Structures are given as structure tokens and as C-alpha cells.
K.L.:
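I'd like to ask you about the structure that follows.
Atom set for the values below is all heavy atoms of this structure, side chains included, hydrogens, waters and symmetry mates excluded. These figures come from a predicted structure and were not determined experimentally. Protein chains get the first letters and strands the later ones, always in sequence-line order, with residue 1 at the start of each.
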Number of protein chains: 2
Amino acid sequence: MRIPEPILILTDDDLLAERWKALAPAVIRAREVEALDTWHKAGHRLVVTDLSRPRIGSKTLWTEAAWLRNAGGLAILAASSRPDDDEGLAALKAGACGYCHSHAPIDTLRQALEVIESGELWVGRALLSRLLRLVDTRLPRAGLADWATPLTEREREVAHHAAIGESNPGIADALGITERTVKAHLKAVFEKLQVADRLQLALRVHGVR
Amino acid sequence: MRIPEPILILTDDDLLAERWKALAPAVIRAREVEALDTWHKAGHRLVVTDLSRPRIGSKTLWTEAAWLRNAGGLAILAASSRPDDDEGLAALKAGACGYCHSHAPIDTLRQALEVIESGELWVGRALLSRLLRLVDTRLPRAGLADWATPLTEREREVAHHAAIGESNPGIADALGITERTVKAHLKAVFEKLQVADRLQLALRVHGVR
DNA sequence: ACGCACCCTGTCCTTGTGGACAATAGCGGA
DNA sequence: TCCGCTATTGTCCACAAGGACAGGGTGCGT
């Protein structure tokens, strides 16, 4: 059993809470959205919440103040008893790190938690397939490799390593060349792309402004 | 160490193969795409492949006959030494079950394998975020509040300026404070966000992983 | 009054980075 | 063959960046 980190379970469905208690050794159960505040303040991150049950009139969970306050700092797995793609998209948009069926096998839930605990996002196969189909139907997006065109093959490699935050010695080590050579390539890259330093390069490579 | 199932490693990069050997107790390494045939016939499912290295001219891996024959029956994790969104989309469309950085931490790769081994799909945070953004262009700040939450107001300002490539004197000038103060704020920012330098900070702020 | 968090500034010091000079070697086109 | 592009490596140097010590000032809650 992994997930040593404590988990907050947010639902007022007793049966669900009982099921989810098997997720990890340390599980706290709450019924009110405000529990997110204390959870965040206590330095915890992991949350599993039932989107259907903390009933808050007709509003959705992620319009609640407590959600908005803490969604950024927490890793929330949103579960729905009747998952649908739009709800999933909305949940992720609102800062949830994962979306799944609330009655999914406990092992699946645990895996989803492990994934979001490590900083990734978790999206079920169905929703992800739909996402892929959606972007596939309308993707005119090209020119992402715009920055790479004027560069030589070797310069591209060095530029990429630099753009993801590696140091010159690190790049040299990764490519099996000298740090001096890395500098030479980077100098050429800076010149060709008209940037001043590796940070500007990173922004260019990752398509920031 | 989980993943009791044997894994096929497909790459002609010796260093990468060496790294990936730590993925599971049972790891078979191959250099040719045709290895997928025997792997599938032997009743195995898990494959990790380097998109860059089994060099097949200018063609991509998934236009190979061996890929097309087996992609449906295998669970393939495609890794790229220079991941880019278009390549990832293409790989998933071609039947890969996951797409990630070939030099990602071994634990991340293992987790990805566990996910696709259980029948799900794996997509890294960066690509997934972009997918979500593509589907709903106004994905506001699912990542902004993330890095900003632990910071104070002033630290946020400094972090933002640093993340768009401004130098310390530049930031100091922009905020009307001393360069020394900028450094102090940045030191706190680095500490709180657990990053080593301003480039890592920029990547975090702009949602790049 | 005291602690605490935040904001501000100071002086060293080490290291990484980028530029300014180089040089050598391979490879392909004119 | 010569020229140009590419890849590689060298040394020296100026500067930015980040850490390691310092502090001082304000406001706020107990």
C-alpha cells in the first residue's frame, strides 16, 4: 500500500466514504467544503472529493469560495457518480488535478491519486480519447517548431536541453561533449534566435509571448 | 518494485536502454521495430520505445509496418528525447498508450507504465494542459494560482518579472527597490517553490514541465 | 510587550554564464 | 582545390546570479 501522504475525503455519502477509506493508511473524512481550508493550512495536499454530494444547492463545487481559495495549492481528485465529459473539463479547468468515476475500482482510484500526488494530471481513458478527437478535428496549429528552423541539428539539441533548465555542464554531460562546445553552440543559438540568454531562449522554445 | 509484467525496451540508444533497465525486474531490450511482432506473439503487452532512435530514415516510428500490426494489441509508452505536442498527439493517435520525455525520472516512467498497464492512457501534464486549453481556450489560471499561492504579494511581483526574463537590476528598477531586495525576494521564491534558479521558476510559472 | 511575518538593505563570496579572442578537423558544393 | 558550414575545444575575462552571513523597519495578533 503506497500513498503515505494523508488524504482528505470530501463527501457526505457515507457508503462512498467507507469505500474510499481503503485508499491509504491515513484518511480523513469531511463533509463540508470548508475543510479544504484547514487541510491546506495543515500542509496537506491530497484530496478526493465527490462532485455530486457535498450538496450546495444548484451550484457546482468549484464555484465555492473554499475551493477557489485552495484549488491552486491542493491536488484534488474529483470523482463523479455520473461522469460526463463536460463536467470533467469544467473540473479540470477549475483546478482539479484528476477526474474519474466515484465508484471506480479502488485500485484505479489509488493509482489516480499516486499520479496527481506526483504532480501530474489524471484523466480517464474515455475523456482523454474525446479530448484527442476534439483537438484532432480542428488543429491548424503549426509553427511550433518555428524556433528550430534556423538551427542546425546539434544546435537544436543543445537549445532544447538549455530550454528545459539544464546547466551547461549538464548538457555537456548529456551530449558527451565539452562544456566549451555547449557554450559555442548556445552562442550560435542566441545569435540566430536573437535572444540574450537561455531564459529568453526557454520562453521562445516554449512559446511564451 | 512493481510491474511484474515483462517490458520490451525498443531503442538503439545504449544509455537510454541502460536507464530503462531499472523500470522493472523483467526487461527485454531490442533495437529493431520488428521486435514488436515477436513480443506480441509471445503474449506480452508492455513496450517502452524511444521515438527518436530506432532510426528509420525520415519516417516516423508509427508508419512502420511492425508498429501498425501490433499497436492495437500492445500497450506502448512512446518516449521522446525532445517532446513536442504535435508529436505526442500523433503518437497517441497512432495507437500509443502514453507519451513522455525519454529522460524523465525513472519513477515517473514507472508510474506511466503502471497506468497504461492498467488499461488507461498516460499524457504528461504539459501536453494535457495544452489539450485542455485547446478544447476550451479560456483555461484561466489552473497553473497560475498553483505557483502563486504560497508566495506573498511582493514575491509574486518579483517572481513574475523574473519569469519573463528580466534581470535583477531590471526588476529592481521596475519595482523601485534595490537589487539586493530583489535577490532576497527571489531567494524566498526559490525556496517556497522548490526551484533552483530563475529558469526553473519561469518554466513553473508558464506551466512547462 | 512580545513574537511573527513581511519588506527592505548591506557586504562578502562562489559559481555559472556569456563574450572575445583564438584553433583544428570533416564534409559538401562551386 | 578552395571555400564555407559544421562540430569541436582552448584560454581569458567581465558580469550576473545565488548563497551566506548580516541586519532595520513596519504592522498585526496574542
Side-chain angles (χ1 to χ4, degrees), chain A residues 37-38 40-43 69-70 73 145 147-206, chain B residues 13 15 52-53 55 57-58 81-82 145 147-206:
Chain A
D37 287 326
T38 56
H40 192 191
K41 282 206 191 83
R69 271 197 301 272
N70 300 290
W147 60 274
T149 31
L151 305 182
T152 70
E153 184 57 32
R154 206 53 162 165
E155 285 165 356
R156 257 190 287 270
E157 299 183 67
V158 176
H160 176 257
H161 279 96
I164 61 175
E166 290 183 42
S167 68
N168 288 346
I171 301 172
D173 194 49
L175 298 184
I177 54 181
T178 319
E179 180 186 354
R180 180 61 191 82
T181 310
V182 174
K183 284 186 177 183
H185 286 308
L186 275 181
K187 181 179 165 61
V189 170
F190 295 156
E191 174 70 23
K192 288 183 179 175
L193 297 187
Q194 286 288 292
V195 294
D197 51 34
R198 58 212 297 122
L199 206 161
Q200 303 281 351
L201 170 66
L203 298 183
R204 171 77 71 86
V205 167
H206 294 107
Chain B
D13 184 327
L15 288 176
S52 327
R53 288 309 294 275
R55 285 273 174 231
S58 59
S81 58
R82 266 198 341 270
W147 62 270
T149 28
L151 305 182
T152 69
E153 186 58 33
R154 206 53 163 167
E155 287 165 353
R156 257 190 289 269
E157 298 183 69
V158 176
H160 176 255
H161 280 94
I164 59 175
E166 289 184 42
S167 68
N168 287 346
I171 301 172
D173 194 51
L175 298 183
I177 55 181
T178 320
E179 180 187 354
R180 180 62 191 83
T181 309
V182 175
K183 285 187 176 182
H185 286 309
L186 276 181
K187 181 179 165 63
V189 170
F190 295 153
E191 174 70 22
K192 288 182 179 176
L193 298 186
Q194 287 287 291
V195 294
D197 50 37
R198 58 210 299 121
L199 207 161
Q200 303 281 351
L201 169 66
L203 297 183
R204 171 76 72 86
V205 166
H206 295 108

K.L.:
Are any side-chain N or O atoms of A/Ser167 and backbone N or O atoms of A/Gly170, one a donor and one an acceptor, separated by less than 3.5 Å?
P.N.:
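Indeed, once roles are kept as given, a pair shorter than 3.5 Å links the two residues.
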K.L.:
Counting side-chain heavy atoms from C-beta on, which of C/dA22, C/dG10, C/dC7 comes nearest to B/His185?
P.N.:
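Output: C/dC7.
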K.L.:
Give the minimum heavy-atom separation between B/Arg204 and B/Leu193, together with the two atoms involved.
P.N.:
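Nearest heavy atoms, B/Arg204 then B/Leu193: NH2-O, 2.9 Å.
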K.L.:
Tell me the bend of the helix from C/dA1-D/dT30 to C/dA30-D/dT1 as the angle between end helix axes, each from five pairs, rounded to the nearest 10 degrees.
P.N.:
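That helix has its two terminal axes inclined by roughly 30°.
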K.L.:
Between A/Thr178 and A/Lys192, just flag the one whose closest nucleotide in DNA chain D comes earlier from the 5' side.
P.N.:
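Its nearest nucleotide being more 5', the pick is A/Lys192.
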K.L.:
Can you list the steps and then say if A/Ile171 with A/His185 is a side chain to side chain contact (heavy atoms under 4.5 Å, CB included)?
P.N.:
CA-CA 11 Å; A/Ile171 301 172; A/His185 286 308; over 6 Å; no
K.L.:
Given atom CZ of B/Arg156 and atom C1' of C/dC6, what is their separation to the nearest angstrom?
P.N.:
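The distance from CZ of B/Arg156 to C1' of C/dC6 comes to 13 Å, rounded to the nearest Å.
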K.L.:
How long is the line joining NZ of A/Lys183 and P of C/dA22, in whole Å?
P.N.:
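Spelled out: NZ on A/Lys183 to P on C/dA22 is 18 Å.
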K.L.:
Answer yes or no: does a side-chain N or O of B/Thr152 lie under 4.0 Å from OP1 or OP2 of C/dA5?
P.N.:
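Checking B/Thr152 against C/dA5: no side-chain N or O falls below 4.0 Å of OP1 or OP2.
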K.L.:
If the cut-off is 4.0 Å, is B/Thr181 near the phosphate of C/dT9, judged by side-chain N/O to OP1 or OP2?
P.N.:
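Affirmative; the distance criterion is met.
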K.L.:
Rounding to a whole Å, what distance do you find between B/Leu175:CG and C/dC7:P?
P.N.:
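One finds 11 Å between P of C/dC7 and CG of B/Leu175, rounded.
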K.L.:
Just do the side chain to side chain contact (heavy atoms under 4.5 Å, CB included) check on B/Lys192 and B/Glu155 with the steps written out, would you?
P.N.:
CA-CA 10 Å; B/Lys192 288 182 179 176; B/Glu155 287 165 353; 2.9 Å; yes
K.L.:
Closest approach of B/Glu166 and B/Ala174, non-hydrogen atoms and distance?
P.N.:
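Reported closest heavy-atom pair: OE1-CB, 4.2 Å.
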K.L.:
Using atom CD1 of A/Ile177 as one end and atom C1' of C/dA25 as the other, report the distance to the nearest whole Å.
P.N.:
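Rounded to the whole Å, the gap is 16 Å.
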K.L.:
CG of A/Asn168 versus C1' of C/dG18: gap in Å, rounded?
P.N.:
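Whole-Å distance recorded here is 9 Å.
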K.L.:
Which atom names give the shortest non-hydrogen contact between B/Ala202 and B/Ala163, and what distance separates them?
P.N.:
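Here B/Ala202 and B/Ala163 meet closest at CB-O, 3.5 Å.
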K.L.:
Using a 4.0 Å heavy-atom cut-off across all strands, classify B/Ala184 as base, sugar-phosphate, or nothing.
P.N.:
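Since a base atom lies under 4.0 Å of B/Ala184, the category is base.
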K.L.:
Take atom CD of A/Glu191 and atom P of C/dG19, then tell me their distance rounded to the nearest Å.
P.N.:
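Computing the A/Glu191:CD to C/dG19:P distance gives 9 Å.
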K.L.:
With side chain to side chain contact (heavy atoms under 4.5 Å, CB included) as the criterion, how do B/Val189 and B/Leu201 come out once you've worked through the C-alpha distance, each side chain's angles and the decisive distance to 0.1 Å?
P.N.:
CA-CA 8 Å; B/Val189 170; B/Leu201 169 66; 3.8 Å; yes
K.L.:
Roughly how many Å is it from CZ in B/Phe190 to C1' in C/dG16, rounded to a whole number?
P.N.:
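Atom-to-atom, B/Phe190 to C/dG16, this comes out as 13 Å.
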K.L.:
Between A/Ser167 and A/Lys187, who's closer to the 5' end of DNA chain C by nearest nucleotide?
P.N.:
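Closest to the 5' end, via its nearest nucleotide, is A/Ser167.
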K.L.:
So, taking the atom named CG in A/Leu151 and the one named CZ in A/Arg154, what distance separates them when rounded to the nearest 0.5 Å?
P.N.:
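Answer rounded to 0.5 Å: 13.5 Å.
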K.L.:
Of all heavy-atom pairs between A/Asn168 and A/Lys183, which one has the smallest distance, and what is that distance?
P.N.:
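Scanning both residues completely, I find the closest heavy atoms to be ND2-CG, 3.9 Å.
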K.L.:
I would like to know whether B/His161 and B/Val182 meet side chain to side chain contact (heavy atoms under 4.5 Å, CB included); could you show each step before the answer?
P.N.:
CA-CA 10 Å; B/His161 280 94; B/Val182 175; over 6 Å; no
K.L.:
Using whole Å, report how far CG of B/Asp197 lies from P of C/dT17.
P.N.:
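Going from CG in B/Asp197 over to P in C/dT17 covers 8 Å.
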K.L.:
Base, sugar-phosphate alone, or nothing: which one does A/Arg154 contact when heavy atoms must sit under 4.0 Å apart?
P.N.:
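It contacts sugar-phosphate atoms only.
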K.L.:
Going 5' to 3' on DNA chain D, which nucleotide is the first and which the last to come under 4.0 Å of a heavy atom in chain B?
P.N.:
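Answer, 5' to 3': D/dA17 to D/dC21.
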